[in-house]
Amino acid sequence: MARGEPKTLESLLPRVLARLAGESGRASSLMPLWTAAVGENIARHSRPHQLDGSTLIISVESAEWAQVLSRQADSLRERLNEKLGAGTVKALAFQLESR
C-alpha cells in the first residue's frame, strides 16, 4: 500500500478536533482553533459550543456580540475552514451564553 507524504501533527490536529467535536456534539475542543481564526478579542467574548452537522453553534456573552459576529459570519466561517478543511463548517449560529 503506497503512502502519501508524511503529515505533521500540526496539519492533522484541526481535522481530528473537528471530528471529535462532531462526534461528541460539543465543540469546546475547537476553542484553540476558534481563537486562532477569530483573534483574541473576539475569543474573549465568544466560544464554540456545539458542532451540529456542519453548523457550528457559538455561545456569545451578549446580544451585541451576536449581532457583530453575525455580520462577520461569512468571513469567520472561511477562516475556520482554512484551518479545519473546506466545507467543514457551512454555517455559524450564535446563541447567548447560559450563565
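Sequence positions, counted from 1, serve as the residue numbers for this chain.
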Out of curiosity, [X] [atom1] to [Y] [atom2], how far, rounded to the nearest 0.5 Å?
X: Ser46; Y: Gln95; atom1: OG; atom2: CD; result: 12.0 Å
X: Met31; Y: Arg47; atom1: CE; atom2: CZ; result: 8.5 Å
X: Arg79; Y: Asn81; atom1: CZ; atom2: CG; result: 12.0 Å
X: Ser54; Y: Leu84; atom1: OG; atom2: CG; result: 12.0 Å
X: Leu51; Y: Ile58; atom1: CG; atom2: CD1; result: 9.5 Å
X: Lys90; Y: Thr55; atom1: NZ; atom2: OG1; result: 9.5 Å

Do side-chain atoms of Thr88 reach the backbone of Gly85 as a donor and acceptor pair under 3.5 angstrom?
yes
Compare every heavy atom of [Y] with every heavy atom of [X], then report the nearest pair and how far apart it is.
X: Leu33; Y: Lys83; result: O-CD, 4.1 Å
X: Leu92; Y: Ala73; result: CD1-O, 3.6 Å
X: Leu80; Y: Ala37; result: CD2-CB, 3.9 Å

Within the structure provided, determine whether [X] and [Y] are in side-chain contact (heavy-atom separation under 4.5 Å).
X: Trp34; Y: Ile42; answer: yes
X: Asp74; Y: Arg77; answer: yes
X: Val68; Y: Val60; answer: no

CA sep, side-chain torsions, deciding dist, call: Leu56, Leu30, side chain to side chain contact (heavy atoms under 4.5 Å, CB included):
CA-CA 10 Å; Leu56 182 59; Leu30 295 176; 4.1 Å; yes
